[in-house]
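First the structure, in the form of structure tokens, and then the observations on it.
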Amino acid sequence: MKNDTKTYTLTQLHTSIENWVRESFSTKEIWITCQIAKSNEKNGHYYLELVDSKEGTRTAQAKGMIWRTNYGSIQKTLQDYGLNVSDVLKVGLEIRISVTVSFHKVFGMSLVINTVDPSTILGDIEKQKVATRKKLQTEGLMDLQSNLYFGPINKRIALIGSPNTSGFEDFTTELRKNAVYTNFIVKIFPVGVQSQGAVMEIANAINEASGYDVDAIAIVRGGGSKMDLHIFNHYTICEAVSSCNIPIITGIGHETDSCLIDEVSHASMKTPTAAAELFYMRIGMFLAAISDSNKQIQIQVRGLLAQTSGELQFYSGILYARVDEILQANKEALQQVVQNLQYEFNVFISSSKERLNDQLYYLQQSAIDHIRNEQSFIDTTIGVFFNNVHGLLSEQAPEELARQKDLLRIRLSFVLGTTRDFLNFTRQKLGLVDPTRLFERGYTISTVKGEDLNKLNEKLIDQELTTYSEKYTLISTIKAIKK
Amino acid sequence: MTKQEIKNLKYDVALELLKEISQKLENKEISIDDLTDQVQLANQLADHCKGKLKATEDEIKKIIQTDAPD
Amino acid sequence: MTKQEIKNLKYDVALELLKEISQKLENKEISIDDLTDQVQLANQLADHCKGKLKATEDEIKKIIQTDAPD
Amino acid sequence: MTKQEIKNLKYDVALELLKEISQKLENKEISIDDLTDQVQLANQLADHCKGKLKATEDEIKKIIQTDAPD
Amino acid sequence: MTKQEIKNLKYDVALELLKEISQKLENKEISIDDLTDQVQLANQLADHCKGKLKATEDEIKKIIQTDAPD
Amino acid sequence: MTKQEIKNLKYDVALELLKEISQKLENKEISIDDLTDQVQLANQLADHCKGKLKATEDEIKKIIQTDAPD
Amino acid sequence: MTKQEIKNLKYDVALELLKEISQKLENKEISIDDLTDQVQLANQLADHCKGKLKATEDEIKKIIQTDAPD
């Protein structure tokens with residue numbers, strides 16, 4: 001590092017910047033848009049943290065402040081538009097402001113706010129209002145209240161407001177102290193119109209009040225800044241008003257634009273006092289209108305009541321007529337069921353009888369069939385039997401007998417034949433051995449000592465041989481034997 | 001089955017017995033010797049059933065009649 | 001078998017005997033000497049069976065008739 | 001179902017039971033043995049329904065009449 | 001065997017005797033001396049059998065006929 | 001709905017309920033079992049409405065009367 | 001043996017004698033001296049037998065013939 005380079009103190013540097021900033025910006029008024037990230041008040045001064053961001057990322061940040069000396073003029077400008085500084089310097093709000101850039105040797109850069117543009121804030125409120133109105137229209141909630149019947153005489157009033165505020169006092173005082181009519185019964189539903197939970201409180205109060213026997217509900221507020229009254233543009237409150245079946249009269253003190261609640265309620269008056277006036281004036285006008293003649297009043301009242309009670313009678317009438325119809329229809333239905341039941345009973349019994357009779361008849365027929373079958377079986381059996389008996393006697397047995405007799409005859413003739421043959425054969429054989437016959441034919445018989453030659457074993461030489469013939473008996477001696 | 005026993009039978013049981021006899025007859029499972037008895041029994045069963053039907057009918061009529069003037 | 005004995009026979013028994021005789025004849029198990037007796041018996045058995053059948057039928061008809069007017 | 005039980009029945013339930021019996025009869029799901037009981041029950045149910053109708057009618061008449069002079 | 005004796009013979013016995021004579025002939029067990037007597041006997045036995053058959057048939061006819069009108 | 005609850009009803013609400021009952025009746029959506037109660041309720045609602053009307057009438061009369069010397 | 005004696009002989013006896021002579025002749029047991037006598041006797045016996053046979057045959061024919069037309 002070279003030592004010959006020129007070196008300054010921080011003070012010198014800051015002094016230089018301070019001078020440059022003063023020269024360049026102190027007389028210039030610059031308009032910027034930014035968001036309030038932090039807001040603090042101290043000794044009448046406001047210290048803010050201003051930021052700018054793009055897609056969730058901070059792109060710039062600076063200190064901002066409103067000097068006590070400047071506060072008055074800013075407040076005055078805003079007041080003309082029904083706004084307060086305190087409304088405007090709320091964290092999260094986008095604002096358009098004119099600033100002067102200043103630089104302090106110790107505190108660095110800061111933006112001194114000279115003017116706040118109310119139109120940006122008002123534009124925001126307007127935008128929300130438009131969106132909420134559209135939603136209410138879409139849901140068909142805009143005209144519900146205006147269709148409710150708001151009679152001329154509304155004695156019982158539910159009052160929603162913040163007690164001890166001027167608007168509240170104005171309303172109640174006006175009801176009590178007027179020359180027309182004061183005999184009101186007021187049921188108070190206190191709400192804190194400025195507190196954080198004001199929206200829910202008011203909506204709950206409306207719902208609660210609608211459960212009471214009151215003729216109308218009054219919602220009052222003794223004026224306030226545009227931001228203060230902005231809660232009356234809130235959807236939750238408007239929705240509660242629309243859904244309420246008791247006519248709601250608003251008395252919210254505002255000089256310029258009305259709030260959405262005024263648009264959805266049955267009637268809206270500019271101030272709480274005016275709202276109170278509406279109540280007693282209606283009675284007053286009604287009384288005035290009917291004051292000329294008592295009779296006329298009676299007629300008119302009766303007419304009015306008749307109109308209302310006509311509807312009642314109509315529905316009551318329908319009711320009783322329908323009850324009769326229902327009873328009659330039920331009687332007929334019951335009768336139908338009972339008749340049907342009796343019919344079914346009869347059908348059941350008679351079909352049971354038929355089935356029983358069929359069963360019995362079938363059984364009896366089966367029994368008779370069974371008998372008939374047996375009869376024909378016996379007839380067949382005995383028929384076959386007799387047939388067989390007849391066959392045996394007239395054919396089989398006689399044939400057997402005849403066969404035996406034939407066999408006997410055959411055998412007999414065989415026996416006789418063979419016997420005859422045997423005898424004949426014996427005779428022939430006898431003929432062959434009969435010597436007389438042999439000699440006749442020229443044969444001779446020779447014996448030795450009366451014995452057959454063939455039976456002799458001894459030597460035949462020189463033996464005496466006797467030979468028989470037809471005519472002679474020869475004696476000779478054997479000389480030689482030839483074999 | 002004695003008359004008394006038949007008398008004590010439920011309608012459904014009696015009808016079932018009747019059907020059984022009928023079935024047996026069809027299958028020739030009943031001897032001629034038993035036939036008369038079985039037919040007699042069947043007849044008694046049928047009478048019993050008829051009686052039950054008649055009684056039921058009468059009761060129903062009675063119930064319906066007492067109901068009628070209503 | 002005496003007439004009385006036959007008379008006391010059950011239908012089934014009588015029919016069985018009849019069938020037996022018929023069978024025996026068919027099988028030539030009956031001698032000519034016994035034939036008359038067997039024919040006589042068969043005849044009596046058949047008569048008996050028929051009589052039984054007739055009686056059964058009459059009884060059943062009677063049962064059915066007493067049943068009819070119902 | 002005892003008389004007391006029937007007495008405690010709602011009209012709609014009784015009517016439904018009545019229809020059920022009718023349905024069962026049509027489908028022959030009821031035995032002859034149970035028929036009398038069922039008829040009796042049906043009758044009691046019908047009476048009960050009639051009674052309820054009558055009572056309802058009377059009560060309504062009373063309600064309307066007390067209302068009438070108005 | 002006297003005629004009376006033959007007359008008392010059963011059909012089966014007579015037929016048997018007839019067959020025996022026939023058999024004896026076949027077996028040459030009959031002497032020519034006895035032959036005439038035996039043939040005579042055989043003839044009488046056959047006649048006897050015939051008679052028996054005829055008588056049996058008549059009796060059976062009688063049995064069947066008395067049965068016929070039934 | 002107790003008498004007290006009815007008493008706290010606004011005229012319009014009571015009339016609305018009355019209309020609802022009327023509508024249900026017309027559509028036969030009410031069981032006989034609930035009929036008496038519904039009629040009773042309807043009657044009470046009607047009475048309530050009538051009372052409200054009457055009260056209104058009376059109040060008006062009173063107002064007129066106080067106003068009368070005018 | 002005289003002719004008369006032979007005539008009284010039974011067929012079987014005569015046949016037996018004949019067979020004996022025949023046997024003897026075959027066995028040459030008859031001496032030449034007796035031969036003629038024996039052959040003579042045998043011839044007479046054979047004639048006797050033939051006669052008997054013829055007579056028997058005739059008688060049988062008669063018996064059978066009387067039977068034949070049957």
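Heavy atoms only: backbone and side chains are in, while hydrogens, waters and symmetry mates are out. Below, chains carry the letters A, B, ... as their sequence lines are ordered, and counting in each starts from 1.
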Going through the distances and angles, do Lys50(C) and Asp379(A) end up as a side chain to side chain contact (heavy atoms under 4.5 Å, CB included)?
CA-CA 9 Å; Lys50(C) 274 185 180 173; Asp379(A) 284 344; 2.6 Å; yes
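- Heavy atoms closer than 4.5 Å to chain A are found nowhere in Lys52(C), neither backbone nor side chain.
- For the set Leu35(C), Ile60(C), Leu18(C), the count of heavy-atom pairs under 4.5 angstrom toward chain A peaks at Leu35(C).
- When heavy atoms are compared at a cutoff of 4.5 Å, Leu53(C) approaches chain A by way of both its backbone and its side chain.
- Here the CD1 atom belonging to Ile30(C) is positioned 8.5 Å from the CG atom belonging to Leu392(A), to the nearest 0.5 angstrom.
- We find the NZ-CD distance between Lys61(C) and Gln364(A) to be 12.0 Å, quoted to the nearest 0.5 Å.
- Heavy-atom distances place no part of Tyr361(A) under 4.5 Å from chain C, backbone and side chain included.
- Interface with chain C: from residues 417-425 of chain A, no residue qualifies, criterion being any non-hydrogen pair under 4.5 Å.
- Heavy atoms closer than 4.5 Å to chain C are found in both the backbone and the side chain of Ile371(A).
- The side chain to side chain contact (heavy atoms under 4.5 Å, CB included) check on Ser476(A) picks up Leu465(A), with sequence neighbours excluded.
- Checked against Phe385(A) for a side-chain contact (heavy atoms from CB on, under 4.5 Å), the options Asn43(C), Leu25(C), Leu45(C) give a single hit: Leu25(C).
- Distance CD1/Ile382(A) to SG/Cys49(C): 9.0 Å, rounded to 0.5 Å.
- Taking CD1 from Ile21(C) and CG from Asn388(A), the interatomic distance works out to 13.0 Å, rounded to the nearest 0.5 Å.
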